[in-house]
Amino acid sequence: MKPSTPDARAARHLNASGMRTFPMIRGAAAAGLTRLLGRDSTEEVLRKLGLPLKMVEDRHQEIPLSLFLELLNHVVEVTGNDALGLQLGVRSTLDQLGLLGYIMRNSTTLVAALRRLERFYNFHQQGARIFLKTEPEHILLGYGIVASNTPNHRQDVEMTIASCFAFVNQLVDDSVYPKQVWFEHAEPESSTAQHRLFRCPVLFNQPLNALLYRHDTFLRPVPGADQRLLLILEDYMGRILTELPDDRDLPGIVEYHVSNMLRGGSPDMASVARLLGMSQRTLCRRLEEYNFSFRDIVANTRMRIAMEYLRESKLPITEIALLLGYSGPSSFIHAFQRWTGDTPNAYRK
């Protein structure tokens with residue numbers, strides 16, 4: 001029988017519904033690169049991979065998980081900094097998580113905050129899971145990638161474990177150290193950075209990636225938590241998650257990215273294909289299987305957003321045309337009449 005690998009064991013433990021076909025991670029995860037390397041060096045590294053700087057400067061920008069892992073490994077190769085993941089992780093802040101970070105800050109106890117991190121982690125990153133596991137001797141705060149076809153992800157694992165360590169300390173406003181730290185991967189040539197950061201035994205070749213804490217640590221209160229604000233934030237998070245496309249719905253996923261691009265510029269197939277980790281040719285072929293084309297999706301998305309602007313705002317037609325990527329109002333009016341049979345002004349009335 002073929003032996004079970006650490007990744008396979010983690011996948012069985014972490015397996016859950018909702019894995020996206022094209023797992024993504026928010027740009028917030030890479031935000032620390034510019035602080036660690038400097039803006040110019042970060043831009044140079046990204047350029048070699050054919051990536052724009054805004055990909056790591058916009059914390060809401062979604063990056064394909066496989067591309068993010070490739071980026072981390074490339075930075076290590078270029079800089080020779082084998083502790084990159086740890087250094088990025090320990091510099092992470094709850095503010096970088098955006099809405100999820102605010103939800104955690106307003107949870108009453110540390111365990112309540114981390115349960116919400118476990119519950120809503122898919123908002124920040126797909127293809128991976130944060131989990132809590134209670135055992136007689138300790139509580140495990142663990143992490144694992146369950147998406148298939150991902151490159152060597154040691155740097156991502158060490159970054160996320162170090163991030164969770166930083167989040168624990170920020171939530172209780174104190175320096176709290178785990179009893180042990182486990183990593184699935186083999187011990188690197190030097191593990192000095194790992195031992196120096198966590199100040200406890202760090203074990204490699206373990207069944208899971210995890211921080212092991214005493215039970216009473218997780219009962220500590222979160223200073224300044226606001227229960228009323230928490231209810232509002234969780235309700236908002238729920239509404240955002242319902243608007244995300246179905247993971248198996250490729251046209252819906254493409255429309256989601258086209259919609260984001262339309263509100264800030266003009267969408268193009270090359271950009272969307274790169275976000276989904278495939279070639280333009282493959283994207284065309286996959287969309288044809290659903291009887292869609294990229295051109296159809298752009299047109300349908302423009303029509304939907306145009307109708308939203310006309311119904312729900314008082315923006316002039318000229319401005320709506322520019323927001324949707326048209327060169328002027330006449331081309332927008334012509335397209336809108338083709339879609340609906342009405343002019344934009346008639347539809348608005």
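Since the model is a prediction, treat every value here as computed from it, not as a measurement.
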Residues at least two apart in sequence or cross-chain that pass ring pair (Phe, Tyr, Trp, His ring centres under 6.0 Å) with Phe218, listed by chain then number, are Tyr213
Paired with Arg348, the side chain to side chain contact (heavy atoms under 4.5 Å, CB included) test is passed by just one of Thr343, Asp342, Ile320, namely Ile320
Q.
Is the terminal nitrogen or CZ of Arg286 (NZ for Lys, CZ for Arg) located under 6.0 angstrom from the six-membered ring centre of Phe292 and within 45° of that ring's axis?
A. no
For Arg91, the salt bridge (Lys or Arg N to Asp or Glu O under 4.0 Å) test, sequence neighbours excluded, returns none
Residues at least two apart in sequence or cross-chain that pass ring pair (Phe, Tyr, Trp, His ring centres under 6.0 Å) with Tyr102, listed by chain then number, are none
For Gln170 and Leu94, indicate whether the former's side chain and the latter's backbone hold a donor-acceptor pair under 3.5 Å. yes
Review point. Should the ring pair Phe183 and His185 be called parallel, tilted or perpendicular, given that the plane angle runs from 0 to 90° and is split at 30 and 60?
Key: parallel
- request: Group every Ile, Leu, Val, Met, Phe, Trp and Tyr by side-chain heavy-atom contacts under 4.5 Å, then state whether Tyr236 and Ile232 land in the same group.
  value: no
| field | Arg311, CZ atom: more than 12 neighbouring heavy atoms under 6.0 Å | value | yes
- Message: Between Gln227 and Asn106, do the side chains contain a donor N or O and an acceptor N or O under 3.5 Å apart?
- Response: no
As a quick check of understanding, evaluate side chain to side chain contact (heavy atoms under 4.5 Å, CB included) for Leu211 and Phe198, giving each step before the final call. CA-CA 9 Å; Leu211 297 156; Phe198 299 115; 3.9 Å; yes
Next on the checklist: Between Ile161 and Leu36, is there shared hydrophobic-cluster membership here, with clusters defined by ILVMFWY side-chain heavy atoms closer than 4.5 Å?
Outcome noted: yes
Quick check: is Ile333 connected to Ile305 through a chain of hydrophobic side chains (ILVMFWY, heavy atoms under 4.5 Å apart)?
yes
*asked:* Is it the case that the side chain of Ser331 and the backbone of Gly328 share a donor-acceptor pair, with hydrogens and angles ignored and the cut-off at 3.5 Å?
replied: yes
Hits for side-chain contact (heavy atoms from CB on, under 4.5 Å) against Glu234, two or more places apart or cross-chain, chain-then-number order -> Ile103, Arg116, Arg119, Phe120, Leu230
### Message
Within the 3.5 Å criterion, strictly below it, is a donor on Gln337 or His334 matched to an acceptor on the partner's side chain?
### Response
no
More than 12 foreign heavy atoms under 6.0 Å from CG of Asp173: is that the case here?
no
**Report entry** Heavy-atom check, side chain of Val254 versus side chain of Leu283, under 4.5 Å
**Finding:** yes
Exercise: do Gln206 and Glu184 side chains pair donor with acceptor under 3.5 Å: no
Rounding to 0.5 Å, atoms CD1 (Ile240) and CE (Met237) come to a distance of 6.5 Å
Would you say Phe336 and Met307 make side-chain contact, with heavy atoms under 4.5 Å?
yes
Residues passing the ring pair (Phe, Tyr, Trp, His ring centres under 6.0 Å) test with Tyr177, sequence neighbours excluded, are Phe165
Notebook entry, point to check: Are any of the side-chain heavy atoms of Ser107 and Arg115 separated by less than 4.5 Å?
Noted result: no
In terms of relative ring orientation, are Tyr326 and Phe332 parallel, tilted or perpendicular, with 30° and 60° separating the classes? tilted
Between His195 and Cys200, is a side chain to side chain contact (heavy atoms under 4.5 Å, CB included) present by the stated rule, with each step listed? CA-CA 6 Å; His195 287 90; Cys200 69; over 6 Å; no
Sorted by chain and number, sequence neighbours left out, side-chain contact (heavy atoms from CB on, under 4.5 Å) with Ala210 holds for Leu140, Leu212
Take Leu86 and Val90, measure what side chain to side chain contact (heavy atoms under 4.5 Å, CB included) needs, and give me the verdict at the end. CA-CA 6 Å; Leu86 290 173; Val90 77; over 6 Å; no
Distance col, row Asp156:CG vs Asn209:CG, nearest 0.5 angstrom, shows 9.5 Å
For residues 196-207, the salt bridge (Lys or Arg N to Asp or Glu O under 4.0 Å) pairs (sequence neighbours left out) are none
For a 4.5 angstrom cut-off between non-hydrogen side-chain atoms, does Val45 reach Leu33? no
Nearest heavy-atom approach of Thr318 to Pro329 is OG1-CG, 4.0 Å
For a side chain to side chain donor-acceptor pair (under 3.5 Å) check, start with the C-alpha distance between His215 and Glu137, then their side-chain angles and the critical distance, and finish with the verdict. CA-CA 8 Å; His215 289 264; Glu137 301 291 326; over 6 Å; no
Q) So, Tyr143 versus Gln125: side-chain donor-acceptor pair below 3.5 Å or not? A) yes
Please say yes or no: joined through hydrophobic side-chain contacts below 4.5 Å, possibly via intermediate residues, are Leu322 and Leu315 part of one cluster? no
*Would you say the side chain of Ile139 lies within less than 4.5 Å of the side chain of Arg214, judging by non-hydrogen atoms?*
no
Practice prompt. Assess Arg26 against Phe68: is NZ or CZ under 6.0 Å from the centre of the six-membered ring, and within 45 degrees of the ring's axis?
Written response: no
Side chains of His138 and Gln180: do they bring a donor and an acceptor to under 3.5 Å? no
- Ser92 side-chain N/O to Leu88 backbone N/O, donor-acceptor pair under 3.5 Å: yes
Contacts of Leu231 meeting side-chain contact (heavy atoms from CB on, under 4.5 Å) (sequence neighbours excluded), chain-then-number -> none
Applying salt bridge (Lys or Arg N to Asp or Glu O under 4.0 Å) to Arg105 and not counting sequence neighbours gives Asp95
* To do: Ignoring hydrogens and angles, tell me if any N or O in the side chain of Asp268 forms a donor-acceptor pair with the backbone of Ala270 under 3.5 Å.
  => yes
Check whether Ser191 reaches the backbone of Glu187 with its side chain - one donor and one acceptor, N or O, closer than 3.5 Å.
no
**Q.** Side chain to side chain, Arg220 and Val176, heavy atoms closer than 4.5 Å
**A.** yes
Rounded to the nearest 0.5 Å, the CD1 atom of Ile130 sits from the CG atom of Leu114 at a distance of 9.0 Å
Check: Leu141 and Leu219: same hydrophobic cluster, using ILVMFWY side-chain contacts below 4.5 Å?
Finding: no
Rounded to the nearest 0.5 Å, the OG1 atom of Thr34 sits from the CG atom of Leu46 at a distance of 9.5 Å
When rounded to the nearest 0.5 Å, the distance separating CZ of Arg304 from CG of Leu324 is 10.5 Å
Those residues at least two apart in sequence (or on a different chain) that pass side chain to side chain donor-acceptor pair (under 3.5 Å) with Ser279 are Thr282
Value for CG (Leu171) from OG1 (Thr109), rounded to nearest 0.5 Å, stands at 10.0 Å
Exercise. Is the side chain of Glu118 donor-acceptor paired with the backbone N or O of Leu132 at a distance under 3.5 Å, no angle test?
Worked result: yes
With sequence neighbours left out, the residues meeting side-chain contact (heavy atoms from CB on, under 4.5 Å) with Val76 are Asp82, Leu84, Gln155
message: Would you say that Val222 contacts Thr108 through its side chain, given a criterion of any heavy-atom pair below 4.5 Å between the two side chains?
response: no
Exercise. Are Glu289 and Leu250 side-chain neighbours, meaning at least one heavy-atom pair lies under 4.5 Å?
Worked result: no
For His124, the ring pair (Phe, Tyr, Trp, His ring centres under 6.0 Å) test, sequence neighbours excluded, returns Tyr121
